[in-house]
Amino acid sequence: NGGMAFNNNGIIDVESGLLALGGGGTGNNGTFRAGAAARLDWTAGSVFVNGNTTFDGPGTNRVSGATLTLGGGPSTFTDMNNVEVAAGTLTGSSSLAGAGAFNWSGGNISAALSLPAGISFNLSGADKALGAGGFITSTGPGSWTGPGNLNTSAGSGLTNNGTFTVFNDAQVNFGGGAPQSVFVNNGAFVKAAGSNTSFTAGNGGVAFNNNGTVELRTGTLAINGSYALAGSPQLKVVLGGGNPGSQFGQETFAETASLGGILSVSLTNGFLPTNSQSFALATYPAGTGKFATTQFPALPFQLQWKLSYTANALQLQVVPANVFQTTSLTNGNFQFTFQGQAGSSCLIEASTNLFDWSPLLTNAPFNGTLNYLEAPTSKFSNRFYRATIFP
């Protein structure tokens, strides 16, 4: 029949088992403590916590059906407490402090929350909803696991100031309206597992504003709403093979892709690209901008990276290196310079018909750069040179 309200202006201490509060209630400057393996559950009703609220103990304080309203005062985590929203609604506002974990496994959050570096922000479980006015700013570590999608409403948003790591294939959906929901990345957004994480296109999509680092270790990051760059953005892509989505990470855009900042590529699992291999790091209907800085892993000396901004893709290719660096013909003397690995040796040959080759320099070790001069060459109507480099 609605339960009994529990108004807490002091300390609730659950040292063992479960305390379920299903009749709502209110309180000022209250402490909610859960011991190890214990839990305090708000199961139903409307609960208002005002003033300076403390979530204490190594156990869990959980919203599992009630509507819990934070009254705007600071909330403090002590003794590595865990606060979980599993069902029901969390609303109001609070700036959190201390150390612990804020876990979101279901239900609705329409609160304005600020999580400091010491509190981890973890999404898991079933579908969950970020309601209108819901803004969560996380400065600590974050993770997203499980199959549940995140459904957002107009006027809601997430800001990541720490490292937020995605381990699943879930989607971020937008319910429509204005203003558009937004994900703002000021830290590091890492796609570490799963095949596809999608900021879906429905109702205008979810805006993705990248002011930090997007790191794609595997899978696809599909950005189907607007995409904007600011600050010092960086795209990190890890190559472990030639198949996009499974062996290297890829961005896909439904709208115009903004490219800029730093592009950093690394290799994993012993993978070494070969000549003519190509990697579509991003695909899009149209692109704008270019990366100001590129960082690529070392290749064998006879190969080099080539980055191309095509009409519909950011294409990274492995192509033959320009081994011969400089050539000159002065007073009948022909001089050329080429590059190789330090400690290598070379065979230089010459020909007048490209069929018959004569050695000019045999088994000559060099330190990475070799300058060769042949004089005079004026007695030849045409002259061809080639260099074979040995480890």
Side-chain angles (χ1 to χ4, degrees), residues 160 164-166 169 171-172 183-201 205-269 271-299 303-322:
N160 170 50
F164 186 76
T165 306
V166 177
D169 297 327
Q171 297 183 348
V172 183
F183 181 91
V184 179
N185 178 46
N186 296 322
F189 179 93
V190 181
K191 174 67 173 168
S195 58
N196 181 279
T197 295
S198 177
F199 288 77
T200 59
V206 179
F208 193 112
N209 296 344
N210 183 34
N211 311 318
T213 297
V214 171
E215 181 176 348
L216 306 179
R217 299 176 186 172
T218 187
T220 298
L221 175 62
I223 300 172
N224 297 313
S226 63
Y227 183 72
L229 299 177
S232 302
Q234 182 172 9
L235 174 62
K236 290 185 176 182
V237 180
V238 179
L239 303 180
N243 297 322
S246 59
Q247 293 181 310
F248 72 90
Q250 183 184 62
E251 281 185 315
T252 64
F253 296 87
E255 300 182 10
T256 299
S258 297
L259 304 174
I262 300 172
L263 172 63
S264 177
V265 176
S266 60
L267 304 177
T268 189
N269 297 328
F271 174 63
L272 185 62
T274 58
N275 185 25
S276 76
Q277 275 197 287
S278 181
F279 309 89
L281 305 183
T283 63
Y284 41 74
T288 182
K290 291 185 177 181
F291 290 97
T293 304
T294 56
Q295 301 169 348
F296 300 130
L299 290 173
L303 300 174
Q304 65 181 354
W305 296 103
K306 179 182 179 182
L307 185 65
S308 301
Y309 298 84
T310 70
N312 300 114
L314 177 66
Q315 204 77 29
L316 183 63
Q317 298 170 283
V318 179
V319 298
N322 184 16

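Keep in mind the model is a prediction, meaning the values are calculated, not measured.
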Problem set entry | Closest non-hydrogen atom pair between Ile262 and Phe291, with its separation | C-CD2, 3.6 Å
For this session: For residues 205-223, pull every pair meeting salt bridge (charged side-chain N to carboxylate O under 4.0 Å, His left out), keeping only residues two or more places apart or in separate chains.
Result: Glu215-Arg217
Would you check if there is a donor-acceptor pair between the side chains of [Y] and [X] at a distance under 3.5 Å?
{"X": "Thr283", "Y": "Asn312", "value": "no"}
{"X": "Ser264", "Y": "Lys236", "value": "no"}
{"X": "Ser278", "Y": "Gln315", "value": "yes"}

Heavy-atom side-chain contact between [X] and [Y] under 4.5 Å:
{"X": "Asp169", "Y": "Thr197", "answer": "no"}
{"X": "Phe279", "Y": "Val237", "answer": "no"}
{"X": "Leu263", "Y": "Leu316", "answer": "no"}
{"X": "Ser258", "Y": "Phe253", "answer": "no"}
{"X": "Ile223", "Y": "Glu251", "answer": "yes"}
{"X": "Phe199", "Y": "Asn224", "answer": "no"}
{"X": "Gln304", "Y": "Pro320", "answer": "no"}
{"X": "Lys191", "Y": "Gln250", "answer": "no"}

Seminar exercise, completed: Which of Asn275, Val319, Thr274 passes side-chain contact (heavy atoms from CB on, under 4.5 Å) with Leu303? It is Asn275
Solution key, residues 239-248 side-chain donor-acceptor pairs under 3.5 Å, sequence neighbours excluded:
{"from": "Asn243", "atom 1": "ND2", "to": "Gln247", "atom 2": "OE1", "distance (Å)": "2.9"}
{"from": "Gln247", "atom 1": "OE1", "to": "Gly242", "atom 2": "N", "distance (Å)": "3.1"}
{"from": "Gln247", "atom 1": "OE1", "to": "Asn243", "atom 2": "N", "distance (Å)": "3.0"}

Exercise. Going from CD on Gln277 to CH2 on Trp305, what distance comes out if it is rounded to the nearest 0.5 angstrom?
Worked result: 8.0 Å
Exercise. Taking atom CG of Leu259 and atom OG1 of Thr256, what is their separation to the nearest 0.5 Å?
Worked result: 10.5 Å
Exercise. Given the rule in the side-chain contact (heavy atoms from CB on, under 4.5 Å) test, do Leu307 and Thr294 qualify, once you have shown the distances and angles that lead to the verdict?
Worked result: CA-CA 9 Å; Leu307 185 65; Thr294 56; 3.9 Å; yes
For this session: Give the C-alpha distance, both sets of side-chain angles, the deciding distance and a yes or no for side-chain contact (heavy atoms from CB on, under 4.5 Å) between Glu255 and Tyr227.
Result: CA-CA 8 Å; Glu255 300 182 10; Tyr227 183 72; over 6 Å; no
Exercise. Looking at residues at least two apart in the chain, or sitting in another chain, which of them share a ring-ring contact (aromatic ring centres under 6.0 Å, His included) with Phe189?
Worked result: Phe183, Phe208
For this session: Go through the steps for Asn185 and Val214 under the test side-chain contact (heavy atoms from CB on, under 4.5 Å), then give the verdict.
Result: CA-CA 8 Å; Asn185 178 46; Val214 171; 4.3 Å; yes
